[in-house]
**Student:** 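Handing you this structure, nothing more for now.
Remember, it's 1-based here, ligands and their atoms both numbered in the order they're listed. These figures come from a predicted structure and were not determined experimentally.
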Amino acid sequence: MRHPLVMGNWKLNGSVKMTNELIAALRNEVSSINGCEVAIAPPVMYLDIAKRALGGSRIALGAQNVDTNLSGAFTGEISATMLKDVGAQYIIIGHSERRTYHSESDAAIAEKFALLKTAGLIPVLCIGETEAENEAGKTEEVCARQIDAVLKTQGAAAFNGAVIAYEPVWAIGTGKSATPAQAQAVHKFIRNHIAKQDAAVAEQLIIQYGGSVNDKNAAELFAQPDIDGALVGGASLKADAFSAIVKAAAAAKNG
Ligand code: 13P
């Protein structure tokens, strides 16, 4: 039985004050909700502060990126072992903003996936098509290519305990979420694609939806059988909206 995972991607937002205040509010609101894993990924600068603020809570710590190297002369980078050292567990890789603004390739993202697995961290692999690819009917082709970068180098077993976040690029930060039916169709395709290699791995795989998820549309997205929670951007910066999304996931999948 898969547990949903609702994870907040704070992106380039936050401060010491905001990190402490938002976590204090989230701890309060989320502590009594069961049946849904919860994680937050603040900017790497605030991970240690966040870890302290989260102490003893059920909210896991995550990060938004990792380097393809473990140590050495790579100015400005952060390694998987460093993230592990400060207590991060869920690491977002391949976010479309990094693919676009930092020209990250499928191959480099697959390398990050492998390093995270070796370090004992949980990769949250973001995939998804642009608006132009969607209109050209290439959604499945793009998602398959992005997954295959890992499947073909590391095998289906690499997805054991990992997370995929389907985030159609046209839905990110636009207020225009995919409809539940649209998202479900792609999630099912993703699960089937992995099931062709290993049915058991596909069955346990958490596949999150991301792209303009908010407290209003979350419940109907989570009602879909292959949508196992969400990767939330804007709404994760507001304690009440984020908690409502966590509640919706717990309710949809457990009761
Ligand atoms: P929004 O929820 O702001 O659309 O962002 C989604 C996202 O990119 C999460 O990683």
**Student:** Anything under 3.5 Å between a donor and an acceptor, one on a side chain of residues 111-120, the other on a protein residue two or more places apart or in another chain? List them.
**Tutor:**
| residue | atom | partner | partner atom | Å |
| --- | --- | --- | --- | --- |
| K112 | NZ | N65 | OD1 | 2.9 |
| K112 | NZ | V66 | O | 3.0 |
| K112 | NZ | E104 | OE1 | 3.4 |
| K112 | NZ | E104 | OE2 | 3.0 |
| K117 | NZ | A158 | O | 3.0 |
| K117 | NZ | N160 | O | 2.6 |
| T118 | OG1 | A114 | O | 2.9 |

**Student:** For ligand 1, find out whether one of its N or O atoms is nearer than 3.5 Å to an N or O atom of E97.
**Tutor:** no

**Student:** Which of the numbered atoms in ligand 1 are under 4.0 angstrom from any heavy atom belonging to G211?
**Tutor:** 4 (O), 6 (C)

**Student:** Output the list of atoms in ligand 1 that are nearer than 4.0 Å to some heavy atom of G234, sorted by atom number.
**Tutor:** 1 (P), 2 (O), 3 (O)

**Student:** So for ligand 1, is I172 a polar contact partner (N or O within less than 3.5 Å, distance only)?
**Tutor:** no

**Student:** Does L231, backbone or side chain, put an N or O under 3.5 Å from an N or O of ligand 1?
**Tutor:** no

**Student:** What protein heavy atom sits nearest atom 5 (O) of ligand 1, and how far away is it?
**Tutor:** K11 NZ, 3.2 Å

**Student:** Hey, are Q146 and D106 close enough side-chain-wise for a donor-acceptor pair under 3.5 Å?
**Tutor:** no

**Student:** Donor-acceptor check, side chain of Y90 to backbone of L5, threshold 3.5 angstrom: yes or no?
**Tutor:** no

**Student:** Compute the shortest N/O to N/O distance between G210 and ligand 1 and return yes if it is under 3.5 Å, no if not.
**Tutor:** no

**Student:** Who passes side-chain hydrogen bond (donor to acceptor under 3.5 Å, both in side chains) against E203, sequence neighbours left out?
**Tutor:** R2

**Student:** Can you label the angle between the Y166 ring and the H187 ring as parallel, tilted or perpendicular, going by 30° and 60°?
**Tutor:** perpendicular

**Student:** Does a side chain donor of either H95 or E167 reach within less than 3.5 Å of an acceptor in the other side chain?
**Tutor:** yes

**Student:** Tell me, which protein residue and heavy-atom name are nearest atom 2 (O) of ligand 1, and how many Å apart are they?
**Tutor:** G233 N, 2.9 Å

**Student:** Purely on distance, is any nitrogen or oxygen of E167 under 3.5 Å from one on ligand 1?
**Tutor:** yes

**Student:** Using a strict 4.0 Å cut-off to heavy atoms of N9, name the atoms of ligand 1 that fall inside it.
**Tutor:** 9 (C), 10 (O)

**Student:** Show the atoms of ligand 1 that are less than 4.0 angstrom away from any heavy atom in H95.
**Tutor:** 7 (C), 8 (O), 9 (C), 10 (O)

**Student:** Is R145 atom CZ crowded by more than 12 heavy atoms from other residues, nucleotides or ligands, each under 6.0 Å away?
**Tutor:** yes

**Student:** Give a yes or no answer on whether the side chain of R58 reaches the backbone of I33 with a donor-acceptor pair at less than 3.5 Å.
**Tutor:** yes

